[in-house]
Amino acid sequence: MYKCKYPHLFSPIKLGDTLFRNRIFASPTGVFYADTNHRPINETMSFYERKARGGAASVCVGDAIVDGRHSMHGGYSLALDTPGIMPTMNRLSRMIDRHGAVATIEMFHTGSAATVIDGVEIYGPQDELVSGPFGGPPVKVTGLTRDKMDEIIAKHVSAARQVKEYGFGMIMLHGAHGFLIHQFMSPTLNHRTDEYGGTFENRMRFPLEIVRAVREAVGPGFPIEMRISGSEVYEGGYGIEYGCQIAEALDGIVDLIHVSAGSHEDARVFTVTHPSMFLEDGVNVKYAAEVKKHVKISKVATVGALSNPALLEEIIASGKADVVEMGRGILCDPDLPNKAREGRDDEIVHCMRCLTCFSSLIRRGQIVCALNTEIENASERKFAPPDTSPKKVLVAGGGIAGMEAAITCADRGHEVILCEKSSRLGGVLLCEDKVPFKKHLGEYLDQQAKKIANRRIKVLLNTEATPELAAELAPDVIIAALGSTPLIPDIKGITGANVIGAVDVYKSPEKVGKKAVILGGGLVGAELAIYLGSLGHDVTIVEMMQSYNIGYNFLHGMAIGIEIDALGINTAFGTKVVEIDEKGVVGEGPDGKKLFEADTVINALGMVPMRDAAEPLRFCAPAFHQVGDCLSVKNVYEATSAAHQIAMDI
């Protein structure tokens, strides 16, 4: 008889009159995939359907605005008051619930956090100027009058009735993260002095009017979930004691109190609301656990930095929460619930919390994942058949790009030979396997190696791909994924005895003296500074640019900045390295030349593509592709997605 490893996690739960198949809910992940009339497109539907197919009990469609004129959050959110939205919303709910999941929708009004549209008023608790998202220009906000409050309540009621008719099985009201309901509930954000501010009861008055009106609109048996910030987390914001008061006021009115933390709209705590890799797994569970002690009727959900089934089981079994919700965890591995249910824990791809997904969504309007090549084109992948004309493919290089290429080619039905010149698959990223905040990346590399071992892939370790080997194997296709090598800049003293490369430091941190100067404030240098700082080293980063050179993943850059400040790491921006000697680094910055004393100088100035090593293989097969760092130095997402797509094209 089969014995489930996680019986509490996979026990059903009843909310209202609805039975949910397990305790794993896919929390709302907004996508900017909408047409010009703010209706979902096919890619939106496939994105959410993929999560349902993976076994989540609820899949929540995020960022559904109740007022498309005064409350947009970005230019491409769903607007529930859009005329003609009915057919696509019915289709969306059906694509979720046909896989056994409950289709849930996140309804909210952004209030003073709305996107500015010329000539359109933005509403909040009071007249004020607020800073734009992530320190943008100030936004003029108009305080809500009673008439406008009634209009907003009517918008919620209309939206609630519609989504119920559209086939959605649960509504999630967003009362957290700096949006309108949260703005009224929060003593930090609500400065009114009338009956809607000043005391807890007054601040809760308008939010409860919305909740009760929605409850009346959908009826007593229809489940309502409400997301709150258990704590605002930032200095001056309310703490968990106040969050528990909010939960007590909602107890019995809503079926599920979804306890998050912090705010989308405050850069100080964005990486707490969406925990960065520098925070521990389950960092925000404590807020739900405290709320759970204060409610008697409603169930409680937790969210944030969750993906380990053993941890999820413990949360439910110990009574810290009744439901566990995952955003990035299920985005990274939509099949996580099914894998955990079937005892395939070792196959789960754990989100490494790099924030590539969010940064790409905000900057590029596309949600992607560094480790999941499927999520950005789920509609295409649904119907991708195996190749009917298999080829012999030689993959040169067993790093992150080479492994993804080999796995995808094998899954497509090709005969694959993978050459790696070292004794182990994983490439340059193996050097980070001792770094605590990179543990999920290490797990991913190990899983990729296991996938290769479980497929019909011939692996040749300690073997360099040469023209002679290619002639012997006679492949139809060669994929060169040879990686990169450290940049050695033309700086006096760069080859001195006190200089060591970043990769070597990761491998052997014990070689670093007490006082270290890191050359380069890019991703490698900044993360290495955090690692060494956590080990107790006195670290200084010297960088030519005026800030960290993180690239488009600015949210991870925010997390890095928070950690560097917390560890007391020194930074010298706008500073060019002139010379390295036995005393340290001479840099020239805004105030002239300065000596940065160091026992150890670390070169983290970048990597150089191994293009020359790939060139001899170019004409050794009818088809040749170059991917990953040997084409141009890539981040993890760029390497895996390019390698995957090249393999799909073969």
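Position 1 is the first residue of the sequence; numbering continues from there. As the structure is a prediction and not an experimental result, all values here were calculated from the model.
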Side-chain heavy atoms of I407 within contact of D411, under 4.5 Å: yes
Exercise: identify the closest heavy-atom pair between S46 and A378: O-CB, 3.8 Å
Would you indicate whether the side-chain heavy atoms of L92 and I105 approach each other to under 4.5 Å? no
Nearest heavy-atom pair of L19 and P12: which atoms, and what distance? CD1-CB, 3.8 Å
CE-OG distance between M172 and S27, expressed to the nearest 0.5 angstrom: 8.0 Å
For a quick test of reading the model, state the closest non-hydrogen atom pair linking D333 to V349 and the distance between them. OD2-N, 2.9 Å
Can you tell me how far OG of S307 sits from NE2 of H350, rounded to the nearest 0.5 angstrom? 5.0 Å
Quick one, R50 with D335, criterion salt bridge (Lys or Arg N to Asp or Glu O under 4.0 Å). Give me CA distance, side-chain angles, the key distance, then yes/no. CA-CA 9 Å; R50 183 62 186 87; D335 293 318; 2.7 Å; yes
Quick one: are I530 and F278 in side-chain contact, heavy atoms under 4.5 Å? yes
Donor-acceptor pair, distance only, cut-off 3.5 Å: does the side chain of S229 make one with the backbone of G262? yes
Is there a side chain to side chain contact (heavy atoms under 4.5 Å, CB included) between E420 and V459 once you walk through the steps? CA-CA 8 Å; E420 167 54 43; V459 179; 5.8 Å; no
Does the Y48 side chain pair with the main chain of T29, one donor and one acceptor, at a distance under 3.5 Å? yes
Which distance, rounded to the nearest 0.5 Å, do you find between the CD1 of I367 and the CD1 of I362? 10.0 Å
Side chain to side chain contact (heavy atoms under 4.5 Å, CB included) between V395 and I457, worked out: CA-CA 10 Å; V395 179; I457 299 173; over 6 Å; no
Y444 versus Q448, side-chain donor and acceptor atoms under 3.5 Å: yes
For the aromatic rings, using the six-membered ring if either is Trp, is the centroid distance between H258 and F25 under 6.0 Å? no
Using 30° and 60° as the class limits, which term best fits the ring planes of Y531 and F437: parallel, tilted or perpendicular? perpendicular
Is the closest side-chain heavy-atom distance between K438 and M277 below 4.5 Å? yes
Which value, rounded to the nearest 0.5 Å, describes the distance between C409 atom SG and I650 atom CD1? 4.0 Å
Measure from the side-chain N and O atoms of T104 to the backbone N and O of I171, and report whether any donor-acceptor pair falls under 3.5 Å. no
Can you name the closest pair of heavy atoms from I257 and A247 and give their distance? CD1-O, 3.6 Å
Test: K450 and E347 ion pair at under 4.0 Å: no
Do other residues, nucleotides or ligands put more than 12 heavy atoms under 6.0 Å from the NZ atom of K421? no
Step by step, would you call H556 with L523 a side chain to side chain contact (heavy atoms under 4.5 Å, CB included)? CA-CA 9 Å; H556 184 50; L523 187 62; 3.5 Å; yes
Indicate yes or no: does K14 engage D255 in a salt bridge with an N to O separation below 4.0 Å. no
Just by distance, no angles: are the side chains of H182 and E232 close enough, under 3.5 Å, to form a donor-acceptor pair? yes
With the side chain counted from C-beta on, respond yes when C354 and V636 share a heavy-atom pair under 4.5 Å apart, and no when they do not. no
Would you check if I315 and R23 make a side-chain contact, meaning some heavy-atom pair closer than 4.5 Å? no
Under 3.5 Å, is there a donor-acceptor pair between the side chain of S231 and the main chain of A261? no
Does the N22 side chain pair with the main chain of G55, one donor and one acceptor, at a distance under 3.5 Å? yes
Just checking F270 against H177, ring centres under 6.0 Å apart? no
Donor-acceptor pair, Y287 side chain versus I240 backbone, under 3.5 Å? no
Between SG on residue C4 and CD on residue E342, distance to nearest 0.5 Å: 10.0 Å
So does R353 pair up with D281, basic N to acidic O under 4.0 Å? yes
Does atom CZ (R98) have a neighbourhood of more than 12 heavy atoms from anything else shown, all under 6.0 Å? yes
So L80 and M89, do their side chains get closer than 4.5 Å, heavy atoms only? yes
Is it the case that atom NZ in K507 sees more than 12 heavy atoms from other parts of the structure closer than 6.0 Å? no
Would you find more than 12 non-hydrogen atoms of other residues, nucleotides or ligands less than 6.0 Å from K434 atom NZ? yes
If only atom types and distance count, is the side chain of S484 paired as donor or acceptor with the main-chain N or O of D629 below 3.5 Å? no
Main chain of L355, side chain of S359: is a donor-acceptor contact present, judged purely on distance under 3.5 Å? yes
For P223 against F20, the heavy-atom pair lying closest together: CG-CZ, 4.4 Å
Could you go through the side chain to side chain contact (heavy atoms under 4.5 Å, CB included) check for K299 and L256 one step at a time? CA-CA 5 Å; K299 303 298 184 183; L256 182 64; 3.8 Å; yes
Among N372, L371, N377, find the residue that satisfies the side-chain contact (heavy atoms from CB on, under 4.5 Å) test when tested with I375. N372
Which label fits F108 and H73: parallel for a plane angle under 30°, tilted from 30 to 60°, or perpendicular past 60°? perpendicular
For K458 and E415, what are the C-alpha separation, side-chain angles and deciding distance, and is it a salt bridge (Lys or Arg N to Asp or Glu O under 4.0 Å)? CA-CA 9 Å; K458 184 176 182 180; E415 178 187 351; over 6 Å; no
With the side chain counted from C-beta on, respond yes when N635 and T356 share a heavy-atom pair under 4.5 Å apart, and no when they do not. no
Under 3.5 Å: donor-acceptor pair, side chain of Q447, backbone of D346: yes
Separation between CD of E376 and CZ of R364, rounded to the nearest 0.5 Å: 10.0 Å
Please give me the minimum heavy-atom distance between V59 and A101, naming the atom from each residue. CG2-CB, 4.1 Å
With distance as the sole test, does T273 use its side chain to make a donor-acceptor pair with the main-chain N or O of S263 at under 3.5 Å? yes
